[in-house]
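Just below is one structure, and these are the notes that go with it.
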Amino acid sequence: MNAVSDTSATRTTAEWQAADSAHYLHPFTDFKSLASKGSRVITRADNIYLWDSEGEKILDAMSGLWCVNVGYGQQALIDAATAQLKQLPFYNSFFQTATPPAIELAELLAEVTPPQFKHVFFSGSGSEGNDTVVRMVRRYWDLMGQPERSVIISRHNAYHGSTMAGASLGGMSYMHAQGGLPIPGIVHIQQPFWYVHGHGKSRDEFGLEAAGWLEAKILELGADKVAAFIGEPVQGAGGVIVPPATYWPEIQRICDQYGILLVSDEVICGFGRTGNWWGCETMGFRPDLMTFAKGVTSGYIPLGGVMVGNRIARVMIDQGGEFEHGYTYSGHPVACAVALANIRLIQREGLVDKVRNDTGPYLAEHFKALAEHPLIGEAQSIGLMGALQIVKDKATHECFDSALEVGMICRGHCFANGLIMRAVGDRMIIAPPLVITRQQIDEMVGLIRFCLDATLRDLQQRGLT
Ligand SMILES: *Cc1c(COP(=O)(O)O)cnc(C)c1O
């Protein structure tokens, strides 16, 4: 270890856990159940590996939380933060002021995004970015003289964050159930999840049908009431659901036909995850707005934002009038400095091409083989994100009773065996750092297979298979 003092060594695991459950309310957590077993305390990391307070090494197949795309311990990012902290740790952009890192990052984002994007609005996270989307979409239609166009259409099982607007745009029913969501003016259509909703149809046929649900909803509401459609190119937290190839081009056609703004939530798919810089490039559509966060700094420091397409930016700029919206940390100079170092590293190392041409196809080949496992009904991957659907019956696509929490059983075996894989219901998902090597993919897939075998034995012992 380096000269930085290692605070993890100052207490035992049990002491950390006691203080944790005494004071720390974790996000998306059942506080009572966690207190009964105690957190796993993560103390350090390098490349694609984490270590906990017991000294156990773990392969992080989730890039932290979909964000540590360049892996842990990248000196260029650490140096960029340190230098900016010394030079100018904070200044805002409210008072007709700006800082060099924020300006340079805006310029670089315009370079690495599709050609319709020349402007950016910064936020502190993906959720805030989507709050900005709601504000901006409605501001745009106001300026266009069509204020009654205010409804935003999203999808069930989408994830767009956890603020009031983010959770409302999202389609998680368990989130809506707490706190009276969604807020008014946000409606949802069904997701393009072929394995569950499209059984018996070809993928392409189902993709067109699923896109058609958008058109049906527009006609039901009246096109003159609809402001925008928002979607993740590939649903992430919903379970890495890769839509059929026919889906997004048809969504684009429908949005064009009715003049509706198209918003791509690129918080996970952006910055190379799917093998192109942006998920919309992989899936073949041309959004008016793109939300980003997570991979913009590889999670080293919080930052998010919205890329604003020319269609909207021109109206907002040319018509004048203040946009009454912003965050204290919009364009935070340290976060922007880290983002600049992160994006330059991605460019220098050719990480996006590597995912598209090398590690993505390599993962796909090895991942596909996991579909032969007795528990796995479907193995899907795109770029460096993938999902394994655990099923009871491969022929009928029948799933296990959700009360059995088979995904959580599998996740438990992963956690106990040095692998972080996430469970979304009975879908086991991965999104490893983009720096992962072929050899490390072999290691990861080997661990996954081992954990699936352990899960199968466990289920057999419980008499569930
Ligand atoms: C994580 C995520 C968000 C929310 O980002 P936060 O930084 O957690 O607020 C929004 N959209 C998608 C697609 C995400 O995966």
Side-chain angles (χ1 to χ4, degrees), residues 26-29 62-69 121-137 152 154-172 175-176 181-182 186 188 191-193 228-243 248 262-274 277-280 282-283 285 287 289-307 327-330 332 335-336 338-339 342 382-387 422 424 427 429-434:
H26 296 213
F28 284 101
T29 295
M62 278 307 298
S63 304
L65 205 47
W66 318 89
C67 49
V68 188
N69 289 356
F121 193 97
F122 289 117
S123 68
S125 68
S127 302
E128 288 177 4
N130 283 326
D131 279 48
T132 297
V133 162
V134 174
R135 300 290 307 275
M136 205 172 260
V137 157
I152 301 173
S154 180
R155 304 177 296 178
H156 293 302
N157 198 37
Y159 189 77
H160 296 298
S162 195
T163 52
M164 296 292 278
S168 295
L169 290 172
M172 302 299 184
M175 290 174 75
H176 293 171
L181 301 177
I186 294 173
H188 299 82
Q191 58 183 330
F193 189 2
F229 174 75
I230 184 171
E232 302 152 83
V234 178
Q235 286 159 265
V240 183
I241 297 163
V242 184
W248 276 110
L262 180 50
V263 186
S264 186
D265 184 338
E266 298 270 355
V267 171
I268 286 175
C269 294
F271 300 98
R273 175 60 60 195
T274 68
W277 274 90
W278 304 95
C280 59
T282 302
M283 303 312 301
F285 65 104
L289 293 166
M290 294 200 305
T291 319
F292 64 87
K294 296 191 171 119
V296 64
T297 57
S298 286
Y300 278 47
I301 199 163
L303 180 68
V306 180
M307 294 306 301
Y327 308 103
T328 300
Y329 300 129
S330 287
H332 192 290
C336 291
V338 172
N342 177 61
I382 187 161
L384 285 182
M385 62 199 293
R422 182 166 167 187
V424 176
R427 239 170 133 76
I429 62 179
I430 58 160
L434 308 187

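Indexing begins at 1, ligand by ligand and atom by atom, following the structure's order. A quick note: this is a predicted structure, and the numbers were derived from the prediction, not measured.
Not a single N or O atom of A293, backbone or side chain, sits closer than 3.5 Å to an N or O atom of ligand 1.
Considering only heavy atoms from C-beta on, M385 comes within 4.5 Å of T274 through its side chain. Using a 4.5 Å heavy-atom cutoff, the side chains of E232 and H160 are in contact.
Nearest protein heavy-atom neighbour of atom 7 (O) of ligand 1: G126 N, 2.9 Å. Looking only at heavy atoms of the protein, atom 9 (O) of ligand 1 is closest to S127 OG, 2.5 Å. The single protein non-hydrogen atom nearest to atom 15 (O) of ligand 1 is K294 NZ, 2.7 Å, given as residue, atom name and distance. In terms of protein heavy atoms, atom 10 (C) of ligand 1 is closest to H160 C, 3.4 Å.
The backbone N or O of P233 sits less than 3.5 Å from a side-chain atom of W248, completing a donor-acceptor pair. Judged purely by atom type and a 3.5 angstrom limit, R427 uses its side chain to pair as donor or acceptor with the backbone of V240.
Listed by atom number, the atoms of ligand 1 under 4.0 Å from E232 heavy atoms are 13 (C). Residue I268 approaches ligand 1 through these ligand atoms, each under 4.0 Å from one of its heavy atoms: 15 (O). Counting atoms of ligand 1 from 1 in the listed order, those under 4.0 Å from a heavy atom of D265 are 10 (C), 11 (N), 12 (C), 13 (C). Interface of S125 with ligand 1, defined as ligand atoms under 4.0 Å from a residue heavy atom, comprises 7 (O), 9 (O).
Counting heavy-atom neighbours within 6.0 Å of Y327 OH, excluding the residue itself, gives a total above 12.
Using bins of under 30°, 30° to 60° and over 60° for the plane-to-plane angle, the ring pair H156/H188 lands in the parallel bin.
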V263/I152 under side-chain contact (heavy atoms from CB on, under 4.5 Å): CA gap, chis, key distance, verdict: CA-CA 10 Å; V263 186; I152 301 173; over 6 Å; no
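Y159 counts as a contact of ligand 1, since one of its heavy atoms falls under 4.0 Å from the ligand.
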